[in-house]
There are 2 protein chains.
Amino acid sequence: MPKIKILLIDDHAVVRAGFKLLLTTYANIEIIAEATRGEQGIQLSQQYQPDVIVLDLSMPGIGGLETIKRIIQRDEDAKILVFSVHDEPVYVNRALNAGAKGYITKNSAPTILPEAIEFIQQGKNYVEEGLLKAISSSSDSDYQKTIQSFSPREFDIFRLLAKGLVTRKIAQELCLGYKTVANYATQIKKKLHVSSLAELAHIAVIVGIMKH
Amino acid sequence: MPKIKILLIDDHAVVRAGFKLLLTTYANIEIIAEATRGEQGIQLSQQYQPDVIVLDLSMPGIGGLETIKRIIQRDEDAKILVFSVHDEPVYVNRALNAGAKGYITKNSAPTILPEAIEFIQQGKNYVEEGLLKAISSSSDSDYQKTIQSFSPREFDIFRLLAKGLVTRKIAQELCLGYKTVANYATQIKKKLHVSSLAELAHIAVIVGIMKH
DNA sequence: GCGTAGAAAAGGAAAAATTCCTAAGATTTA
DNA sequence: TAAATCTTAGGAATTTTTCCTTTTCTACGC
């Protein structure tokens with residue numbers, strides 16, 4: 001039986017190393033390429049044609065969600081497994097909607113990892129125990145709905161605003177013009193019907209995107 | 001030369017595995033024990049007397065900060081290195097104030113890891129390049145202290161700002177001039193070393209003044 | 001009693017951020 | 001192919017913030 005070929009996209013060297021070590025006991029899985037950011041991952045996925053792409057959601061640059069979308073766009077059937085720290089329904093939702101076939105968290109037991117990879121490789125879906133439940137039961141308050149409808153960029157900027165970053169910082173972080181971020185901020189506040197960033201911060205906590 | 005004995009406290013199996021793999025090339029460092037949560041880590045630190053304790057900040061249960069505090073409480077000279085995803089000054093600050101001797105992020109290059117461990121083991125401090133720059137005195141208890149020192153008016157305005165009220169509204173609410181409130185707001189932000197009202201909102205929750 | 005300190009309130013001017021409108025390119029969808 | 005949406009950002013007007021300063025009042029110590 002040929003090995004399952006993995007492309008691993010994660011900006012943290014430790015996580016990549018850990019991934020490798022955890023998989024050494026599974027002879028039928030092999031990491032054929034690694035990327036530290038989305039753009040590079042997209043490129044490598046075309047070059048190497050991996051069986052399964054494992055990626056993190058929070059990455060510098062275009063981020064995980066956008067990476068998923070772009071990969072799917074180039075290859076409808078790309079098998080993407082998200083491997084994230086986030087266990088909030090919003091994230092799971094967005095990742096699956098973007099085209100991911102599976103979602104597991106970094107909290108999950110090491111044995112979940114090969115299991116999920118095999119499922120995905122076989123064309124099945126795999127969402128970690130407990131996450132799906134959260135999705136269906138996630139109260140669809142107005143906030144939830146509004147936030148779900150955010151575009152990737154809106155969501156990014158929303159997150160950073162809620163965290164407390166100042167417009168200038170966000171622009172730096174996302175490599176955008178100051179005015180772009182300012183305009184998004186205005187738009188986001190309007191969509192959420194708030195007039196201050198403090199309120200926005202509270203909402204982010206309520207919907208489970210931010211912790212203190 | 002005897003090996004540097006490490007206790008590793010991190011709830012993510014992948015990270016622990018990665019840690020191990022990254023250190024295999026460094027013969028003088030050895031992981032003698034691992035814990036998946038703070039409580040267990042405290043217990044193991046007493047049992048094994050490691051040279052350096054490496055821990056993550058975000059953990060279920062008592063969390064990283066509290067873990068640091070309790071370990072230090074039992075052993076003043078415990079050498080704790082924080083290894084976190086967060087690169088925000090607030091986290092660095094709070095960790096160092098709690099008693100950590102070093103702070104590196106999971107983004108950092110793999111070579112930083114042994115370097116930091118050796119520094120810490122030798123009794124030095126080690127804070128990753130770039131993290132120290134924005135550090136002010138703003139730990140949990142510092143927030144408490146700062147807020148305690150607020151005058152009644154400052155506190156009022158702080159509360160309303162944290163709640164999400166806009167300057168104009170606060171002025172109305174307290175029957176004050178717009179400029180008065182604006183000036184107080186500036187002053188309050190400066191005292192808390194924050195630059196956005198979102199951060200201010202988070203602080204209010206942290207210190208227990210606000211709920212969601 | 002009188003000076004000092006500190007809160008409270010707010011004005012003025014300059015700097016910075018926000019809002020609103022607009023628009024172009026890119027891409028997706030119908 | 002046309003319509004819709006997303007991303008990016010400029011311009012202008014407006015609003016907010018910042019920093020500095022001033023006035024008034026109260027409390028506290030000597």
Side-chain angles (χ1 to χ4, degrees), chain A residues 38-39 42 46 60-76 78 94 97-99 145-201, chain B residues 136 146-201:
Chain A
E39 296 90 332
I42 295 164
Q46 296 195 287
I62 63 169
L65 271 183
E66 189 54 32
T67 306
I68 296 174
K69 283 187 186 156
R70 295 202 194 165
I71 291 174
I72 291 293
Q73 192 185 311
R74 283 166 179 73
D75 173 12
E76 181 93 48
R94 291 179 71 90
N97 282 332
K145 257 184 279 177
T146 306
I147 293 166
Q148 291 299 341
S149 78
F150 280 175
S151 75
R153 257 297 183 257
E154 282 177 325
F155 189 74
D156 277 350
I157 292 172
F158 167 65
R159 248 191 49 240
L160 297 176
L161 284 172
K163 211 165 134 188
L165 295 219
V166 137
T167 313
R168 184 178 17 85
K169 285 265 175 201
I170 297 176
Q172 273 167 31
E173 184 116 331
L174 301 178
C175 298
L176 292 175
Y178 180 85
K179 286 304 304 288
T180 308
V181 177
N183 288 333
Y184 268 108
T186 302
Q187 200 179 323
I188 289 166
K189 280 160 69 179
K190 195 168 281 177
K191 284 192 181 182
L192 289 170
H193 306 289
V194 301
S195 42
S196 76
L197 295 180
E199 282 179 272
L200 196 144
Chain B
S136 50
T146 305
I147 293 167
Q148 293 298 333
S149 79
F150 280 175
S151 74
R153 256 299 184 257
E154 281 178 326
F155 190 76
D156 276 350
I157 292 173
F158 167 67
R159 251 192 45 244
L160 297 175
L161 285 172
K163 210 167 135 187
L165 295 218
V166 138
T167 314
R168 187 178 13 85
K169 285 264 174 202
I170 297 177
Q172 274 167 31
E173 184 115 333
L174 301 178
C175 298
L176 290 175
Y178 180 84
K179 287 302 305 292
T180 309
V181 178
N183 289 332
Y184 269 108
T186 303
Q187 199 178 323
I188 289 166
K189 280 160 69 181
K190 195 169 282 177
K191 284 191 180 182
L192 289 170
H193 306 289
V194 300
S195 43
S196 76
L197 295 180
E199 283 179 90
L200 195 143

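Just so it is clear: chains get the letters A, B, ... in the order the sequence lines come, proteins before strands, and each one is counted from 1.
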| said: At 10 degrees resolution, what angle do the end axes of the helix from dG1(C)-dC30(D) to dA30(C)-dT1(D) form when each is taken over five base pairs? | reply: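 Axis-to-axis angle, ends of the helix: 40°.
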
Nearest-Å distance, [atom1] ([X]) to [atom2] ([N])?
| X | N | atom1 | atom2 | result |
| --- | --- | --- | --- | --- |
| Phe155(A) | dT5(D) | CZ | C1' | 19 Å |
| Glu66(A) | dC6(D) | CD | C1' | 10 Å |
| Lys69(A) | dC6(D) | NZ | P | 9 Å |
| Lys191(A) | dT19(C) | NZ | C1' | 16 Å |
| Ile188(A) | dT19(C) | CD1 | P | 11 Å |
| Arg153(A) | dA9(D) | CZ | P | 9 Å |
| Asp156(B) | dA9(C) | CG | C1' | 14 Å |
| Phe150(B) | dA8(C) | CZ | P | 12 Å |

Would you tabulate the nitrogen or oxygen pairs shorter than 3.5 Å linking the protein to nucleotides 10-20 of chain D?
residue : atom : partner   : partner atom : Å
dG10(D) : O6   : Asn183(A) : ND2          : 2.8
dG11(D) : N7   : Lys179(A) : NZ           : 3.2
dG11(D) : O6   : Lys179(A) : NZ           : 2.6
dA12(D) : N6   : Lys179(A) : NZ           : 3.2
dT16(D) : OP2  : Tyr178(B) : OH           : 3.3
dT16(D) : O5'  : Tyr178(B) : OH           : 3.2
dT17(D) : OP2  : Thr167(B) : OG1          : 2.6
dT18(D) : OP1  : Lys189(B) : NZ           : 3.3
dT18(D) : OP2  : Thr186(B) : OG1          : 2.8
dT18(D) : O4   : Lys179(B) : NZ           : 3.4
dC19(D) : OP2  : Lys190(B) : NZ           : 2.6
dC19(D) : N4   : Asn183(B) : OD1          : 2.7

| Under a 4.5 Å cut-off applied to non-hydrogen side-chain atoms, are Thr186(B) and Lys189(B) in contact? |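 Thr186(B) does not reach Lys189(B) side chain to side chain.
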
Which heavy atom in [X] sits nearest to a heavy atom in [Y], and how many Å separate them?
| X | Y | value |
| --- | --- | --- |
| Ser195(B) | Glu199(B) | N-OE2, 3.3 Å |
| Leu161(B) | Ala198(A) | O-CB, 3.4 Å |
| Val181(A) | Thr167(A) | CG1-CG2, 3.6 Å |
| Ile188(B) | Phe150(B) | CG2-CZ, 4.0 Å |
| Glu154(B) | Ser149(B) | OE1-O, 4.3 Å |
| Gly164(B) | Ser196(A) | O-OG, 2.7 Å |

| task | Give a yes or no on whether Lys191(B) atom NZ has more than 12 heavy-atom contacts from other residues, nucleotides or ligands under 6.0 Å away. | result |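 Atom NZ in Lys191(B) is packed in, count exceeds 12.
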
| task | Mark yes when over 12 heavy atoms from residues, nucleotides or ligands other than Lys169(B) sit less than 6.0 Å from its NZ; otherwise mark no. | result |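 Check fails, neighbour count at 12 or below.
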
